[in-house]
Structures are given as C-alpha cells and as structure tokens.
**Q** 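First, the structure itself, so that you have it in front of you.
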There are 2 protein chains.
Amino acid sequence: MAGHGKRVKKQGGTINEVAREAGVSVSTVSRIINGTAFVAEDKRRAVEAAMQRLEFRPNYLARTLITGRSMTVGVIAEDIVSPFYADVIRGVEQALLDTPYQPVLNSGHWSTQYETRAIDTLIYRKVDALLLLGSTLSDDTLRDVAGRVPLILFGRRVPGLEDHCLTLDQRGAALNATRHLIELGHRRIVHLHGPPGQQDAQERRAGYRDALTGCGLPLHPELELQGDFLEQSAAQALTHLLDARVPFTAVFAGNDQMAAGARLALYRRGLRVPDDVSLIGFDDLPASAFTIPPLTTVRQPTYQIGQALARHVLNVLAGQPSTLPDFDLTLILRESTRPLR
Amino acid sequence: MAGHGKRVKKQGGTINEVAREAGVSVSTVSRIINGTAFVAEDKRRAVEAAMQRLEFRPNYLARTLITGRSMTVGVIAEDIVSPFYADVIRGVEQALLDTPYQPVLNSGHWSTQYETRAIDTLIYRKVDALLLLGSTLSDDTLRDVAGRVPLILFGRRVPGLEDHCLTLDQRGAALNATRHLIELGHRRIVHLHGPPGQQDAQERRAGYRDALTGCGLPLHPELELQGDFLEQSAAQALTHLLDARVPFTAVFAGNDQMAAGARLALYRRGLRVPDDVSLIGFDDLPASAFTIPPLTTVRQPTYQIGQALARHVLNVLAGQPSTLPDFDLTLILRESTRPLR
DNA sequence: GTACGTCATGAAAAGGCTTTCAGCAAGAGG
DNA sequence: CCTCTTGCTGAAAGCCTTTTCATGACGTAC
C-alpha cells in the first residue's frame, strides 16, 4: 500500500542543514534570521539561498523553548459562538493583526471544568499572556492563574487584579433601560433575567430593581422571569406569563437573544410591538438593528472593548504602564418602545 | 518600585529538579509521568511527592519538540464571528472535548493574506492537523499545505484531496428553495446573492437559475441583486429595487443575514411577509427560528458537520481509514412563505 | 555454581534553536 | 613593526523532555 511514506512530515530543513549548505555556522544563520547582528553580505546571500533551497522554516517550538516567549496570547471566551463574545474577539484579532503576536482561541463553555482545562492547555503551551472573556472561576483561582501568567480579565473584577480587569456598569445600564420604560409610562414591566449564577445576569436584574424602587414603584416578583440567555427560554417563560393572564405593558430582556424570544411569544399571541407591548434588549447584537421592529437595546461597544483589551495585553507584554479605559453602555433608541397609551 | 520581581515567571520546577528532589533519574520521572514503564512503588511515591512540592508541570513544548506531536488541531474559519461558522466550530469543539486533542482556532478574515499567515503560524506551532472551514486559497496552494500537514477542508473540493473534503450541495438546495417559491405560484423572484468571488454564493445563484430555467421561466437579470452576506447590503439593494418600482412577489436571499436585511427593507415600505412578499433564507441560523415571522430557510446541519469533521481528523491522526459522511441540506418550512394570491 | 533471561533504573543522546564567550582578522594609533 | 580596538564569526552550552542503550540485581534453569 502506498501512503505509509507520508510518515516523514516534509519539514523543510533545520538551521543546521542550512548552515552546512551555506558553509557557515548555525550562529550566523540564527543571526540572519533574527537580525541580531551584522553579517557579511556574501554570507548573508549564501544563507538566504540555502534557506530557499531547503525550504527552511524556523521551528517556533525550539525557539520558544529557549527564549521563553511564544509570541502568542491565549484568549478564552465563555462561548466563542455567542454573537456577543464573537464581536469582542473580532476586536482582539484586529488589534493583534499587525503585531508579532498571534491570538489563540479557546472556549470555556460556561463550565469551570472546561475553562480550567483550557487555561492549563494554553499555559502549558506557553502563551505569553492570557485574556479571559468572562470566567466561571473563583477569585482565588483567578489570582492563582495570574501568578503563572499575565492575566487580563473582561467582565470580572477580582480584588488584587484590578489593574487588569475591565468591567462595565451593567447595573447602571439596566437601570437606565428600565427607567426609560418607566418614563414612557410603563408600570408593569417584565424582566427576563439570565441564570442566577452569572454575574452579568445578577447585575442587570439589580439595575432593573433599582429603577423600580428608585421611582417609587413596587416590585412584582411574578414579573421577574428566569431564562438562560437564549431565545427559547424567553419565549417559553413569556408564554407562560401570557397564559396566566398576568398583565404587563413592557418587557426588559436580559439580552437581545431573549428579547427575540420574547418578541416571538408576543407575536404568537397577536400582541404588537411596540403598540401593545414595549420591548428592550441588552447587547445590541449586529442582528438587532434588523429585527422587526428594530430593537431598542443597550449597546456594549464590544468591538472597541476587544481592541482595548488587546492593546492592554500588548502594553503589559512590552512592560509598559497601561490602564484599561472605561466604556459607557448606551441605550440605543430604536422602534420597539413607545409611550404607554 | 515593586513588581519587577515578576520577571521570573513562576513556572513550577522542571523534570530535572523533580528528579533531584526525589533522588531518582530524570528517566524515571519521565516514565512515571507518561506511564511508559513500571517503576518501584517507593520511588513512584517519592516522585509524586516531589512533583507536588515543586508544582511541577510538564513543558509541552519540550515534549512536542521531541515527539513531534503537539496534540493540537488547528482550526481556521473564514470568520469565527459568523454565526454559521461558529456553529460548526461548536461541533468541532464538542467532538474533541473528551479526546487528548485540543482545538486551536484562528480566523482567515476572508483574506488570502491573513489566511496564509494563520496557516503558517499554526504549522510552525506544529499542530498535528489542520481543519479549514472555508478557504480563499487556490487549489494549488491548498495541495501544497496538504503536503506539510494533514489537511481537512470544509466547503471546498480540491482535486487530489477529495478524501478530506466535505462539501454540501449548495446548488441543489438553492434549486429546491427557489422551486418551492415557484410551486407556490411566484414568478418574479428576487435573488440576493453574495460576492461573485465566493464559491457558495456562485453555487446558490446557479441553483436559483437552474430552478427558473428548469421550470421554463425566464431569467430576469434585474432581479439578481448582489450583496455581501450581511444584513445591510441586502436592505440597501432591495430598497433600491423597491424605489425603482420593479415588481416582484418573492425573495430568495443567499443567506439568513441577508434575508433579515431584506425583511427590514420590506417592513419599511409597509410590505408584509408573507402576505405581500414571500421570503426564503439560507443557513438556518439559530436566530432565524425567532424572526418575525419565523423564516423559511435551508438548513445546513452545521453542528453535526463540525462533529463529523473533527471525528475525521481524529481518525486520520490515528492512521485509521475514514471517509467523510454526506450531509443533506433541507428546506425548513416556516412562516415567511405562502402561495401567491 | 554457572549461564541466561527479566526487569527496574540511570546515563546520555537527541530534538532545533538562541546566546554567551572566545577567537581571529583588519584597521587605527604610536 | 607592534599593540589595541573594533567587528564579524564559530564553538559550545543550554532550554526541557523523551527515548535508546547499557548496567546492575535478581531469579531461574541446567
């Protein structure tokens, strides 16, 4: 059978072979590759020719083993798939594009176990820095990790690591969103919140309550519905509420995906948005500007955040002082809300 | 100033130190780590204790340098951010979860340059296999890459690499979708297609034409509108068409995102879906089941595809024979289409 | 009691590269 | 003509493992 010959990975000669081929020492070749020192013009040419001929590719692993720098930054997102994190990642990638650093991505899958594994893998592979986009790990564990590798955190504020944490005022933004509804005259406002285990979900819910109590309105526990940040859960929860004939005139969803789910539930019951029910989301996903009607929501400047995060990583790696900027969450007024009749 | 002490990365001793600490040779330690051979119980315990004390972590790089296997598989998607590829990636991650292999992701950004760079980086880092989710590279280049590392391709059929290519019958599916519209009585059907440079876009467009000519209907060039697979482009193109008062009763969008854009353009003009205009998308993104109305579209079983791809990689790596399965694209009938009055 | 196979263990090489250190030639200064 | 720089180049050590090979110790068979 053919095919077993493939065992030998075509791997374009080593620095040794190049040196022999060009009639110089490996040190000289290394110097040419890295531009570490001047080398006579004729040798340089000989070496370059040899590299061509042998299809030489430096072995990054060997280099990293010696220098201790891999020129990679590990990025772990709770979920690469989520449109929200995806946009942050885009920003990170963009900011790293014209630097010698390469991002290496991995998912944490919202699970302590998988996240731990992903972190370990990346550290073993000697990433020069680690960027966590959300995390399910405890503060202690995180501090531990920070001792092993430069660590930058998004969406978590860990005591002791403040300089490398970027968080947003979720609570304040949720308060604003809810208040907007209140100012439009709504009093019975449903809130679809995410899992109690997630910090963002908690904070947004707190903001919702802040707004209500701040305006002297009563809290209605029956209007606080739990979902899992996906469309289906919201559609289901809201349908139950509708079936129970609990009255409400507005919905504040914990994220845009749940807003979409809520929207469909309403549509199924013949309720119009915004005429019968006002709807607000959170995140401003790219798709949310194109829903019917376009969704009023809270914009998280994810792309810029990604860029800022990456730039901070770069600074840290360069040993330069760097502080993470603050980002504002802004309410994007579109067409899914209107004054209560 | 404090802080400069951090230069020394806390790095949990080497196998050498462990050996010294435990009073054995490095070979013995290595054997214990890898379970390569029997080791006396007392030494084993001594070594394990030493590893604990020194917080020993094997250096993967050194290991890879010797064994030639990194236990990673590189995954490059045209765009990690696109909901479509994201779901494929989820499948890949899932299938790799309980194997010793780790995925390492990277984006090609729909650009030959970036894709080339991403491939190089991954190969330099010695991934054991490479999985390309879409590619802008030429057949020749791809064959070249396949010579350097086991290569599996999704969305491309490269002569010579057929065994490792997974493609879907985009053309046939587009034909089906269009025919569905024709069977509902539609005659003037708009097609929003992607960039001419993309194979998928081409094929879907060809399928659309196949359906028309196959049913003996005339082609109307003015109804074929170009977009870029994003919402905005579709909204714009369709708005122009509407402004030009070109009549049509149905729209077949090249993907779901463009369908969303079209949907909004229609909404802006007071056209109802499906009452005034029928709409079909392509991809069946998770969000498309929750649009208003829920979108009729072509489902690509992305998650399963991701899993199949990953399993194939695993087989190839294990040296086992493996063939990529075939996947069917199915038309998901929801509520955005209806018979022409 | 000698010879031999078995088995745990250690020494050393290998893997591909960077970097320190020493060497050597050439030009400058006396 | 000799000494001192200056500057390019090569030898060799080192990074952290795995793996081959050799070495004893030990038990068994003859």
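Note that these values count all heavy atoms, side chains included, but never hydrogens, waters or copies made by symmetry. So you know, we letter chains A, B, ... as the sequences are listed, proteins then strands, and number each from 1.
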**Q** Can you measure A/R125 atom CZ to D/dC16 atom C1' for me and round it to whole angstrom units?
**A** 15 Å
**Q** In whole angstroms, how far is the P atom of D/dC16 from the OH atom of A/Y124?
**A** 16 Å
**Q** Ignoring backbone atoms, test whether B/T28 places a side-chain nitrogen or oxygen under 4.0 Å from the OP1 or OP2 oxygen of C/dG10.
**A** yes
**Q** Kindly give the heavy-atom pair with the smallest separation between A/D139 and A/P159, and that separation in Å.
**A** OD2-CD, 3.3 Å
**Q** Say you draw a straight line from CD1 of A/I15 to OG1 of A/T28; how long is it, rounded to the nearest 0.5 Å?
**A** 9.5 Å
**Q** Please name the pair of heavy atoms, one in B/K43 and one in B/I32, separated by the smallest distance, quoted to 0.1 Å.
**A** O-CD1, 4.4 Å
**Q** Heavy atoms from C-beta onward define the side chain here; which of C/dT9, D/dT18, D/dG10 lies closest to that of A/S27?
**A** D/dG10
**Q** In whole Å, what is the span from the CD1 atom of B/I33 to the P atom of D/dC16?
**A** 13 Å
**Q** So which atom in A/V127 and which in A/V149 form the shortest heavy-atom distance, rounded to 0.1 Å?
**A** O-CG2, 3.8 Å
**Q** Roughly, in whole Å, what's the span from CZ in A/R44 to C1' in D/dT9?
**A** 14 Å
**Q** How do B/K43 and A/T36 order along DNA chain C: which one's closest nucleotide is nearer the 5' end?
**A** B/K43
**Q** Between C1' on D/dC16 and CG on B/L54, what's the gap in Å once rounded to a whole number?
**A** 15 Å
**Q** Rounding to a whole Å, what distance do you find between B/R20:CZ and D/dC16:C1'?
**A** 13 Å
**Q** What's the closest nucleotide to the side chain of A/L65 if the choices are D/dC15, C/dC17, D/dT17?
**A** D/dC15
**Q** Return the value, rounded to whole Å, for the distance between atom CZ of A/R63 and atom C1' of C/dT19.
**A** 13 Å
**Q** Classify the side chain of B/R31 versus the base of C/dG10 as yes if they form a donor-acceptor pair under 3.5 Å and no if they do not.
**A** yes
**Q** Where the side chain of A/A62 is defined as all heavy atoms beyond and including C-beta, which of C/dA8, C/dT18, C/dC17 is the nearest nucleotide?
**A** C/dC17
**Q** Just to confirm, is there a sub-4.0 Å distance from OP1 or OP2 of D/dC15 to any side-chain nitrogen or oxygen of B/N59?
**A** no
**Q** Under 4.0 Å: is that the gap between some side-chain N or O of B/S30 and OP1 or OP2 of D/dT18?
**A** yes
**Q** Please pick, from D/dA12, D/dT17, C/dA12, the nucleotide with the shortest atom-to-atom distance to any side-chain atom of B/I66.
**A** D/dT17
**Q** Heavy-atom nearest nucleotide on DNA chain D for A/V26 versus A/F38: which residue maps closer to 5'?
**A** A/F38
**Q** Determine the contact category for A/N34: base if any of its heavy atoms lies under 4.0 Å from a base atom, sugar-phosphate if only primed atoms, P, OP1 or OP2 are that close, otherwise nothing.
**A** sugar-phosphate
**Q** Could you check how far CZ of A/F56 sits from P of C/dC17, rounded to whole Å?
**A** 4 Å
**Q** Taking the six-membered ring for Trp, are B/H164 and B/H312 parallel (under 30°), tilted (30 to 60°) or perpendicular (over 60°)?
**A** tilted
**Q** Would B/R117 count as a cation-pi partner of B/Y114, with NZ or CZ less than 6.0 Å from the six-membered ring centre and within 45° of the ring normal?
**A** no
**Q** Measuring to OP1 and OP2 of D/dG10, would you say a side-chain N or O of A/S25 lies under 4.0 angstrom away?
**A** yes
**Q** Where the side chain of B/V39 is defined as all heavy atoms beyond and including C-beta, which of C/dT9, D/dT9, C/dG16 is the nearest nucleotide?
**A** C/dT9
